[in-house]
Amino acid sequence: MGPHPAVAAIRLAVRRVLHDVLTEHDTGDEPLVLVACSGGADSMALASALAFEARKLPVRAGGITVDHGLQHGSDTRADDVAGRMTALGLTPVEAVAVTVGREGGPEAAARDARYAALDAAAERHGAAAVLLGHTRDDQAETVLLGLARGSGIRSLSGMAAVSGAAGRYRRPFLQLDRQTVRKACVAQELAVWDDPHNSDPAYTRSRLRHEGLPALEKALGKGVVEALARTAQLSRDDADALDTWAADAETSVRDEAGALECAKLFGLPPAVRRRVLRRAVIAEGAPAGSLFARHIEEVDRLITGWRGQGAINLPGRVEARRQGGRLVIRQG
């Protein structure tokens with residue numbers, strides 16, 4: 001008798017990603033693939049599937065768990081998660097402690113610290129890829145959060161299946177729902193840890209998960225999560241096309257000295273123009289994660305609503321001003 005259907009589903013998802021990694025890293029060596037594991041159901045299911053599939057392929061499989069230090073006993077729990085990954089047959093396995101700052105709020109700060117630690121671990125171990133356990137439900141939540149922020153189509157595109165430098169991060173479970181992943185843990189008798197932060201109403205994503213999405217499903221019927229995940233993919237396709245258009249258009253709106261010409265910018269479709277402006281602001285040193293739609297709208301008004309207004313102050317001490325028919329963007 002074959003594995004439980006949920007177990008088969010998660011293994012198939014991971015197998016596909018590992019085949020992609022092998023195709024992309026055809027160097028003759030066995031690439032190392034790490035799983036980022038918190039000990040929760042999603043990441044434990046992912047760790048188990050990686051360990052199982054890697055035994056059948058020319059792939060080395062390891063794991064990283066990040067201790068955010070935000071709860072009492074978190075270091076002990078991180079060591080326990082590392083022990084569970086080792087028991088699954090993963091190696092190397094590492095527990096990494098981080099210090100979480102305050103910039104952007106607690107959730108954003110924890111995420112930034114976590115990804116910095118994962119990037120460092122991947123570099124340290126020479127990993128070809130890092131697997132993340134985000135599910136279709138996580139994708140739906142991300143789309144709704146983007147919608148609430150009013151951040152535009154890129155924000156609605158949610159999480160990419162492949163992201164990060166050189167496609168480092170892979171998300172095999174984006175097409176699987178959270179219930180399937182939990183069933184796989186039960187079927188394999190995997191011990192999991194439910195982070196209390198995930199049910200703490202102090203956190204926006206927690207409120208969305210336990211109050212917002214259930215309310216939407218009650219009002220609109222089942223299928224909301226699947227519809228939001230489809231919206232993410234459609235939005236990503238559109239956003240990628242517009243980004244390509246903006247990259248091609250950028251050279252056509254600069255003069256011989258490389259300055260942005262306001263008249264030429266004005267002639268671009270708004271969606272393309274705002275992308276050109278965003279690219280230009282980031283190129284001058286504004287942190288992409290701190291640059292919101294309202295910032296770009298203010299810069300855009302220097303093109304479309306010019307009334308002699310002064311310079312626009314942007315994140316990263318970047319300044320944008322209109323001067324002699326040119327848009328001057330520089331770090332102050």
A.B. asks: As a quick check of understanding, evaluate side-chain contact (heavy atoms from CB on, under 4.5 Å) for Val130 and Val33, giving each step before the final call.
C.D. replies: CA-CA 6 Å; Val130 178; Val33 177; over 6 Å; no
A.B. asks: Testing Val81, Leu88, Thr86 one by one against Arg84 for a side chain to side chain contact (heavy atoms under 4.5 Å, CB included), which residue passes?
C.D. replies: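 One option only clears the test, and that one is Val81.
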A.B. asks: According to a 4.5 Å side-chain heavy-atom criterion applied to Ile, Leu, Val, Met, Phe, Trp and Tyr, with indirect links allowed, do Ile64 and Val21 form part of one hydrophobic cluster?
C.D. replies: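 Looking at the clustering, Val21 is in a separate group from Ile64.
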A.B. asks: With a 4.5 Å limit on heavy-atom distance, are the side chains of Arg11 and Pro3 in contact?
C.D. replies: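 The answer is yes, as the side chains (C-beta and beyond) meet within the 4.5 Å cut-off.
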A.B. asks: Between Leu176 and Thr135, does the side-chain contact (heavy atoms from CB on, under 4.5 Å) criterion hold? Intermediate values first, please.
C.D. replies: CA-CA 6 Å; Leu176 298 176; Thr135 65; 5.7 Å; no
A.B. asks: Using side-chain heavy atoms (C-beta onward) and a distance below 4.5 Å, is Glu319 in contact with Ile329?
C.D. replies: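 No; the side chains remain at least 4.5 Å from each other.
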A.B. asks: So Glu261 and Arg254, side-chain contact (heavy atoms from CB on, under 4.5 Å) or not? Walk me through it.
C.D. replies: CA-CA 6 Å; Glu261 297 188 68; Arg254 293 184 182 273; over 6 Å; no
A.B. asks: Is Leu268 reachable from Leu260 through a run of hydrophobic residues whose side-chain heavy atoms are each under 4.5 Å from the next?
C.D. replies: yes
A.B. asks: Ignoring hydrogens and geometry, is there a side-chain-to-backbone donor-acceptor pair from Asp255 to Ala257 under 3.5 Å?
C.D. replies: yes
A.B. asks: Identify the residue among Gln139, Arg136, Arg178, Glu141 that makes a side chain to side chain contact (heavy atoms under 4.5 Å, CB included) with Val225.
C.D. replies: Arg136
A.B. asks: Keeping Arg278 on the side-chain end and Leu291 on the backbone end, is there a donor-acceptor pair under 3.5 Å?
C.D. replies: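 Yes, the answer is positive, given that a donor and an acceptor are paired below the 3.5 Å cut-off.
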A.B. asks: Quick one, Val253 and Arg273 - any side-chain contact, counting heavy atoms below 4.5 Å?
C.D. replies: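 In short, these two side chains do not touch, never coming nearer than 4.5 Å.
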A.B. asks: Please tell me whether Arg77 and Thr65 have a donor and an acceptor in their side chains that are separated by less than 3.5 angstrom.
C.D. replies: no
A.B. asks: Could you state the interatomic distance from CE (Met44) to SG (Cys37), rounded to the nearest 0.5 Å?
C.D. replies: 5.0 Å
A.B. asks: Donor-acceptor pair, Ser48 side chain versus Ala45 backbone, under 3.5 Å?
C.D. replies: no
A.B. asks: Could you tell me whether the side chain of Arg124 reaches within less than 4.5 Å of the side chain of Glu94, counting heavy atoms only?
C.D. replies: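 Sidechains of Arg124 and Glu94: in contact.
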A.B. asks: Counting only heavy atoms not in Gln175 (residues, nucleotides, ligands), do more than 12 fall under 6.0 Å from its CD?
C.D. replies: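 Atom CD in Gln175 is not crowded, with 12 or fewer foreign heavy atoms closer than 6.0 Å.
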A.B. asks: Does Val35 share a hydrophobic cluster with Val162, counting links as ILVMFWY side-chain heavy atoms below 4.5 Å and allowing steps through other members?
C.D. replies: no
A.B. asks: Count I, L, V, M, F, W, Y as connected when their side-chain heavy atoms are under 4.5 Å apart, and connections chain through other members. Are Val328 and Val281 then in the same cluster?
C.D. replies: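 Looking at the clustering, Val281 is in a separate group from Val328.
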A.B. asks: Between Arg15 and Glu53, is the closest basic N to carboxylate O distance under 4.0 Å?
C.D. replies: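 A salt bridge links Glu53 with Arg15.
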A.B. asks: Can you measure from CZ (Arg236) to OG1 (Thr231) and round to the nearest 0.5 angstrom?
C.D. replies: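 That separation rounds to 13.0 Å.
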A.B. asks: In Å and rounded to the nearest 0.5 Å, what is the CG to SG distance from Leu327 to Cys262?
C.D. replies: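 Rounded to the nearest 0.5 Å, the CG-SG separation comes out at 5.5 Å.
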A.B. asks: Run the side chain to side chain donor-acceptor pair (under 3.5 Å) check on Ser235 and Asp238 step by step: do they pass?
C.D. replies: CA-CA 5 Å; Ser235 298; Asp238 290 350; 5.9 Å; no
A.B. asks: Any heavy-atom pair between the side chains of Leu132 and Phe173 that's under 4.5 Å?
C.D. replies: no
A.B. asks: When hydrophobic residues are tied together by side-chain contacts of less than 4.5 Å, even through go-betweens, does Phe292 share a cluster with Ile296?
C.D. replies: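 No, Phe292 does not connect to Ile296 through the hydrophobic network.
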A.B. asks: To the closest 0.5 Å, what do you measure between CG (Asp300) and CD (Glu298)?
C.D. replies: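 Here the interatomic distance stands at 11.0 Å.
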A.B. asks: Please answer whether the main-chain N or O of Ala127 pairs with a side-chain N or O of His125 as donor and acceptor at a distance below 3.5 Å.
C.D. replies: no
A.B. asks: Is there side-chain contact between Lys222 and Glu217, with at least one heavy-atom pair below 4.5 Å?
C.D. replies: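 In short, these two side chains touch, coming nearer than 4.5 Å.
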A.B. asks: State whether Arg168 and Glu123 are salt-bridged, where the test is any N-O pair (Lys NZ or Arg NE/NH1/NH2 against Asp/Glu carboxylate O) under 4.0 Å.
C.D. replies: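 Looking at Arg168 and Glu123, the cut-off is met.
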A.B. asks: Using a strict threshold of under 4.0 Å (side-chain N to carboxylate O), is an ion pair present between Glu226 and Arg230?
C.D. replies: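 Salt bridge flag = no for Glu226 with Arg230.
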A.B. asks: Please tell me if the side chains of Leu34 and Leu131 come closer than 4.5 Å, counting only heavy atoms from C-beta onward.
C.D. replies: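 No, their side chains stay 4.5 Å or more apart.
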A.B. asks: With side chains defined as the heavy atoms from C-beta onward, is the minimum distance between Leu216 and Leu144 less than 4.5 Å?
C.D. replies: yes
A.B. asks: Check the side chains of Ser74 and Asp67 for a donor-acceptor pair under 3.5 angstrom, ignoring hydrogens and angles.
C.D. replies: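 Result is yes, a qualifying pair exists.
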A.B. asks: Could you grab the distance from atom CG of Leu277 to atom CG of Leu302, nearest 0.5 Å is fine?
C.D. replies: 9.0 Å
A.B. asks: Does the Arg170 side chain pair with the main chain of Gly167, one donor and one acceptor, at a distance under 3.5 Å?
C.D. replies: yes
A.B. asks: Just wondering, more than 12 heavy atoms not from Trp245 lying within 6.0 Å of its CH2?
C.D. replies: no
A.B. asks: For the atom pair CZ (Arg60) and CD (Glu30), what is the distance rounded to the nearest 0.5 Å?
C.D. replies: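 If I round to the nearest 0.5 Å, the distance is 7.0 Å.
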A.B. asks: Go through the steps for Ser206 and Glu211 under the test side-chain contact (heavy atoms from CB on, under 4.5 Å), then give the verdict.
C.D. replies: CA-CA 8 Å; Ser206 174; Glu211 300 172 24; over 6 Å; no
A.B. asks: Under 4.0 Å between a Lys/Arg side-chain N and an Asp/Glu carboxylate O for Arg154 and Asp240?
C.D. replies: yes
